[in-house]
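Shown next, in structure tokens, is the structure this report addresses.
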Amino acid sequence: MAKNPLEEFVDRHERLFVLTGAGCSTNSGIPDYRDSHGNWKRTQPVNYQAFMTEERTRQRYWARSVIGWRRFGRARPNDAHHALARLEADGRCEMLLTQNVDRLHQSAGHRQVIDLHGRLDLVRCMGCGRKTPRDEFQDALGRANAEWLTLDAADAPDGDADLEHADFASFVVPPCESCGGILKPDVVFFGENVPRDIVATAQEHLQQADALLVVGSSLMVYSGFRFVQMAALRQIPIAAVNLGRTRADDLLALKVEERCEAALAFLL
């Protein structure tokens, strides 16, 4: 049987740098942010400065999160994650850089993963730096806000929930047990910079790669798009699997407009 163009692309390159986005996890029940044109489907996510300076923003974030985490925390890898883990097991993946914060690549057995935007299963104190498992903080939120646990709402991206028209003023957000500081999920919010060491490590691996494969990302966020720009400057081939427009369409050697798990099925 003749190979499809994506299979041929993967076969031609021994050291693929893989960049994944929200489209990789939608089949695991985690909604994405953007439509096929790259536009926001909903209100933009919480802003870093607002979260750090406004108690009401923190109350709104954690009230919605206490509902959304119940399903997000139980999400499991889908065939796209397993296919990319197989690519690594076959020795063909130089590094996987993910914009997702769900840790599903690791759950699928992928070992060399850089979490560009952090991980939602940890909570970090912005004062002392102490990190706590999100499940533990979920328990603390539940003890302080028992009545909120009876609510339900539709899932939104990254453990959020569409809890509209609620009065968040009564929601209690516990402080850090060590220093009393502000607790924030250990992820990069909009308006917050990706740590320099994370970017530098990813750049080093991209320098060793002979091609870039984008899976499930519109690349509208610059923190991910910059790596496509770097690959283009190095003049290595770039392929993308994504439903709809990407910011890098004019830089691609190959584009496959399919669901990620379908496009990567040949790896399983």
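Computation of the quantities below employed the complete heavy-atom set of this structure, encompassing side-chain atoms and omitting hydrogens, waters and symmetry-equivalent molecules.
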inquiry  = For Glu257, is there an ion pair with Arg245 - N to carboxylate O distance below 4.0 angstrom?
reply    =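 Salt bridge flag = no for Glu257 with Arg245.
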Which heavy atom of [X] sits nearest to which heavy atom of [Y], and what is that distance?
X      : Y      : value
Arg76  : Arg74  : NH1-O, 3.2 Å
Ala240 : Leu252 : CB-CD1, 3.7 Å
Pro77  : Ser107 : CG-CB, 3.6 Å
Gln59  : Ala169 : NE2-O, 3.1 Å

Pair Gln99, Ser217: side-chain N/O donor-acceptor within cut-off below 3.5 Å =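 Checked: Gln99/Ser217 side chains pair up, N/O donor to acceptor below 3.5 Å.
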query = Are Ser218 and Thr246 close enough that a side-chain donor and a side-chain acceptor fall under 3.5 Å?
reply =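 The criterion, which ignores hydrogens and geometry beyond distance, is not satisfied for Thr246 and Ser218.
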Flag the pair [X] / [Y] as yes when at least one side-chain heavy-atom distance between them is below 4.5 Å, and no otherwise.
X      : Y      : value
Phe189 : Phe51  : yes
Phe17  : Leu213 : no
Ile236 : Leu206 : yes
Leu16  : Leu212 : no
Val215 : Leu19  : no
Asp115 : Val101 : no
Ile30  : Leu104 : yes
Val214 : Val241 : no

Please report the interatomic distance [atom1]([X]) to [atom2]([Y]), rounded to the nearest 0.5 Å.
X      : Y      : atom1 : atom2 : answer
Ile114 : Leu97  : CD1   : CG    : 5.5 Å
Thr53  : Asn47  : OG1   : CG    : 8.0 Å
Arg56  : Arg58  : CZ    : CZ    : 10.5 Å
Lys255 : Asp250 : NZ    : CG    : 10.5 Å
Glu261 : Leu268 : CD    : CG    : 10.5 Å
Arg70  : Ser65  : CZ    : OG    : 10.5 Å

I'd like to know if the side chain of [X] and the backbone of [Y] have a donor-acceptor N/O pair within less than 3.5 Å.
X      : Y      : result
Asn145 : Val172 : yes
Asp90  : Arg92  : no
Asn4   : Glu7   : yes
Ser25  : Ala22  : no
Glu94  : Ala209 : no
Glu88  : Arg111 : yes

Can you list everything that forms a side-chain contact (heavy atoms from CB on, under 4.5 Å) with [X]? Sequence neighbours excluded, please.
X      : result
Glu8   : Lys3, Arg12
Asp121 : Trp69, Arg103, Arg119
Ala265 : none

[X]-[Y] co-clustered via ILVMFWY side chain contacts under 4.5 Å:
X      : Y      : value
Met230 : Val228 : yes
Val194 : Tyr48  : no
Ile198 : Phe190 : no

With Gln106, the side-chain contact (heavy atoms from CB on, under 4.5 Å) member among Thr98, Val113, Leu96 =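 Looking at Thr98, Val113, Leu96, the match for Gln106 under the side-chain contact (heavy atoms from CB on, under 4.5 Å) is Val113.
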request  = I would like to know whether Arg15 and Met95 meet side chain to side chain contact (heavy atoms under 4.5 Å, CB included); could you show each step before the answer?
outcome  = CA-CA 8 Å; Arg15 299 188 310 280; Met95 175 58 70; over 6 Å; no
Who pairs with [X] by side-chain hydrogen bond (donor to acceptor under 3.5 Å, both in side chains), at least two apart in sequence or on another chain?
X      : result
Ser223 : His117
Glu54  : Thr57
Arg247 : none

Which pairs of donor and acceptor atoms, one on a side chain in residues 122-132, lie under 3.5 Å apart (sequence neighbours left out)?
residue, atom, partner, partner atom, Å
Arg124, NE, Asp186, OD1, 2.9
Arg130, NE, Ser178, OG, 3.3
Lys131, NZ, Asp186, OD2, 3.0

task = Evaluate the criterion side chain to side chain contact (heavy atoms under 4.5 Å, CB included) for residue pair Asn100 and Thr20; output intermediate values, then yes/no.
result = CA-CA 7 Å; Asn100 300 335; Thr20 69; 4.2 Å; yes
Intermediate values then yes/no, side chain to side chain contact (heavy atoms under 4.5 Å, CB included), Asp102 and Leu120 = CA-CA 6 Å; Asp102 52 37; Leu120 203 64; over 6 Å; no
inquiry  = Quick test of your reading: applying ring-ring contact (aromatic ring centres under 6.0 Å, His included), list the pairs with at least one residue in residues 80-108, sequence neighbours left out, ordered by first then second residue.
reply    =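 Found His81-His105.
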query = Would the number of heavy atoms belonging to other residues, nucleotides or ligands and lying under 6.0 Å from CD of Gln203 be above 12?
reply =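 Atom CD in Gln203 is packed in, count exceeds 12.
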task = Would you indicate whether Gln235, at its atom CD, is surrounded by more than 12 heavy atoms from other residues, nucleotides or ligands within a distance under 6.0 Å?
result =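 No, CD of Gln235 has 12 or fewer neighbouring heavy atoms, counting only those of other groups under 6.0 Å.
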task = Could you tell me which residues satisfy ring pair (Phe, Tyr, Trp, His ring centres under 6.0 Å) with Phe225, sequence neighbours excluded, listed by chain and number?
result =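 Ring pair (Phe, Tyr, Trp, His ring centres under 6.0 Å) check on Phe225 returns nothing, list empty.
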query = Of all residues at least two apart in sequence or in a different chain, which pass the ring pair (Phe, Tyr, Trp, His ring centres under 6.0 Å) check with His205?
reply =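 So His205 forms no ring pair (Phe, Tyr, Trp, His ring centres under 6.0 Å) with any residue.
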task = Evaluate side chain to side chain contact (heavy atoms under 4.5 Å, CB included) for Phe227 paired with Leu219, printing each intermediate quantity in order.
result = CA-CA 10 Å; Phe227 294 98; Leu219 300 167; over 6 Å; no
request  = Kindly determine whether Phe171 and Trp62 satisfy ring-ring contact (aromatic ring centres under 6.0 Å, His included), including the steps that lead there.
outcome  = CA-CA 8 Å; Phe171 193 86; Trp62 286 115; 8.6 Å; no
Pairs satisfying salt bridge (charged side-chain N to carboxylate O under 4.0 Å, His left out), at least one member in residues 193-219, at least two apart =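 Matches after skipping sequence neighbours: none remain.
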Side chains of residues 136-143: which donor-acceptor pairs under 3.5 Å do they make with residues two or more places apart or in other chains?
residue, atom, partner, partner atom, Å
Gln138, OE1, Arg134, NH1, 2.8
Gln138, OE1, Arg134, NH2, 3.1
Gln138, NE2, Val66, O, 2.7

